[in-house]
Amino acid sequence: MPEHVSFLQLLGAAVLALAAVLWVVGLTRVLRSVRAEQSPRRSRPVLSALPHQRQAPPELEAVELTPAERDAFAGLVRQLNDGR
């Protein structure tokens, strides 16, 4: 025991540390019980009126452009860039 600290000061620090530990344990228990009560709310029944969502994204589609279409697209891009 340090010489400059009284017994009451050490006892007070120990009591505060014990109270902090008990508070953390109590808070943890309360939060777990609240989380356990809310978990049934999260698992809602599936709505049968809505179609099932696809698990995979749709496949990408590509279309080959004719040289005239490429030129028209390039002209459109140049036209839009000139407005900036």
Side-chain angles (χ1 to χ4, degrees):
M1 177 164 35
E3 298 173 6
H4 63 280
V5 178
S6 71
F7 175 73
L8 290 176
Q9 288 174 330
L10 286 176
L11 182 65
V15 168
L16 285 176
L18 180 64
V21 169
L22 291 175
W23 181 79
V24 168
V25 169
L27 182 63
T28 304
R29 285 185 178 185
V30 167
L31 290 177
R32 283 185 182 171
S33 68
V34 167
R35 190 178 306 148
E37 290 173 3
Q38 288 180 351
S39 63
R41 293 180 190 162
R42 289 183 186 168
S43 60
R44 295 179 181 152
V46 178
L47 298 176
S48 60
L50 297 176
H52 293 288
Q53 300 296 313
R54 288 194 241 180
Q55 296 300 323
E59 294 187 26
L60 295 177
E61 296 179 6
V63 176
E64 290 292 326
L65 298 177
T66 64
E69 290 172 331
R70 280 191 217 127
D71 291 339
F73 182 73
L76 179 63
V77 170
R78 280 193 299 274
Q79 196 176 28
L80 291 175
N81 283 338
D82 289 340
R84 286 187 180 184

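Here Leu76 contributes atom CG and Asn81 contributes atom CG; the two are 9.5 Å apart, rounded to the nearest 0.5 Å.
For the side chain to side chain donor-acceptor pair (under 3.5 Å) test, no residue two or more places apart in sequence or in another chain qualifies with Gln9.
Val21 and Leu16 fall into different hydrophobic clusters, defined by Ile, Leu, Val, Met, Phe, Trp and Tyr side-chain heavy atoms under 4.5 Å apart, directly or through other members.
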